[in-house]
**Q** 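If you scroll down you'll find the structure; I have some questions about it.
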Amino acid sequence: MINLNNVNLQYENTATLALENVNLKIQPKEFVVILGASGCGKTSLLNLIAGFLFTDNGDITINDHQVKGPGLDRGVVFQKNALMPWLNVEENIGFGLKLRGVSKEERTKEITKVLEWVDLTEFRNNYVYELSGGMQQRVGIARALVANPEILLMDEPLGALDAITRQDIQKVVLSLWQKTQKTILMITHSIEEALFMANKLIIMTPRPGKIHKTYDVDFSKQYLEGVDAGEIKRSQKFVNLKNEILEIIEATS
Amino acid sequence: MSYARNYQVFPKLSSKKIVILSVVSLALFILTWLILSELKIVPKIILPSPIIVLNKFIGVIKSGYADKSLYEHLGISLFRVFASLFIAIIFAIPLGIFVAVNDYVRGILDPFIEFYRPLPPLAYLPLIIIWFGIGEMSKIILITLAIFAPIFLNTRAGVLSIPQERIRAALCLGASKWQLITSVIFPSSLYHIFTGIRIGIGFGWTTLVAAEMVAANSGLGHMVLTASEFLVTEVVLIGIFIIGIIAILTDLFMRYLTKKFIHWHR
């Protein structure tokens, strides 16, 4: 369980708080999506949980342990630039395993498993620069999952992709969530993406960055139960909610 | 059917046409040279004809110049440059990395490196001669110092240009500090390092020839200087030609290595 208690974050040389009084509890197996305009502190929040960023004001714990830096219990998927361009797909995915001294056979076994999950088996020997943006992101996701972390943190993982690829990967991520039962925290600035993927949707607003509203949504559950994604996104409930959130974001940014 | 063409403001040619143009340009240059020297428009001491130069070249290959064979001159010059390059690489790459990642190291080394870096090597050659004499040692030290700066600076720039996400990703995957350096920072900086080595070889070659002209009794620079003292202009031209060809060949080789080993950089 991720627990943030009265977290405040101030950057040097800025007037407003990057995060003001943030309280957040994330239960195991939840898919939490943080949505907000730029400057609302959503990436800072993820970086605090990932252990890339620290604040003395407030408590951040994972399973009651203070976050003291990055750890293998949290896998992180970045928006871009995080793969090793000199390694091929297989070596990229196995990068962390190799660093930790996992044997070659064990590595190959694990890599083969996650390659299937993200549907990249036939590209295992390609270099990452030979892959499309969407495939590169799937490598990033596979690399984070192969270490079997408890929590998956995703920092606008689909932000650099075109709309069509984006929808494909949204579905990939949802099915992986169902398959692996990970706790997922994802950041996005796309309202539709947030609504479609989350089971808990958090709206953040900027200057100072804070949590404005939290929604429990079940569109991802509907999708995983077999309802067509397009049908879900066109449904009245989805559209109404989308408009409601758009109004909040427009009014506060 | 003709192929698609881009809208162009400046003249563009196919690469084949550019090569043809270069060959024609070079041929015209040699022809002009031939006419100017053979018709005695320019005196032989100033500009010997290409035919004389070519004959002398064959003579120098056969019997050497300034008490040594051409191969000895060439060999000692190459040795000085590549021994220095080797030493410079051994020091410059680790130091470049540590200065980039560790602010203590940076703070301690910065004043010295920042001062010496823009100094022309020939400015401190006299000091090196006072300290180390005029033997091989002082030449190798001088050339090493000349090569060190570009490799060091490029390594540092390479490390500093690594995307933060890549470092963070490796940390999340359990990389230790040392693994971060060997498995992420070093390979990420390779392109910059190779560029630094390429520039370094150029610097080294420049410095070598200058140093051999100031204090040496062998090497291509020494050969050229001796020839100029006796007004044997054809040997001066031969020396310049050899120095130029070697510089081009080493640069092509480095570019080949860069392409081969840093295939991901485009």
**Q** Counting only heavy atoms closer than 4.5 Å, note whether A/N47 contacts chain B via side chain, backbone, both or neither.
**A**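 It is the side chain, since no backbone atom gets that close.
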**Q** Residues two or more places apart in sequence or in another chain: which of them pass salt bridge (charged side-chain N to carboxylate O under 4.0 Å, His left out) with B/E114?
**A**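 Result, salt bridge (charged side-chain N to carboxylate O under 4.0 Å, His left out) vs B/E114: B/R117, B/R156.
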**Q** Dump the intermediate steps for side chain to side chain contact (heavy atoms under 4.5 Å, CB included) on A/V118 and A/L176, then the final yes or no.
**A** CA-CA 8 Å; A/V118 294; A/L176 285 173; 4.1 Å; yes
**Q** The criterion is side-chain hydrogen bond (donor to acceptor under 3.5 Å, both in side chains); which residues satisfy it with A/N148, sequence neighbours excluded?
**A** A/K182
**Q** Sort A/L83 into side chain, backbone, both or neither according to what part of it lies under 4.5 angstrom from a heavy atom of chain B.
**A**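 Answer is backbone: N, CA, C or O of A/L83 sit under 4.5 Å from chain B.
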**Q** Counting heavy-atom pairs under 4.5 Å to chain B, which of A/F52, A/Y127, A/W86 comes out on top?
**A**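 Going by pairs under 4.5 Å, I would pick A/W86.
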**Q** Between A/Q10 and A/N57, is there a side-chain donor-acceptor contact under 3.5 Å, judged purely by atom types and distance?
**A**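 Checked: A/N57/A/Q10 side chains show no N/O donor-acceptor pair below 3.5 Å.
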**Q** Give the member of A/G140, A/G96, A/P149, A/P85 that has the highest number of heavy-atom pairs under 4.5 Å with chain B.
**A** A/P85
**Q** Between B/R80 and B/E136, does any side-chain N to carboxylate O distance fall below 4.0 Å?
**A** yes
**Q** Return the option, out of B/R168, B/Q164, B/Q179, with the maximum number of heavy-atom pairs under 4.5 Å with chain A.
**A**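 Of the options given, most contacts go to B/R168.
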**Q** Using non-hydrogen atoms only, which part of B/S188 is less than 4.5 Å away from chain A: side chain, backbone, both, or neither?
**A**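 Contact with chain A is through both the backbone and side chain of B/S188.
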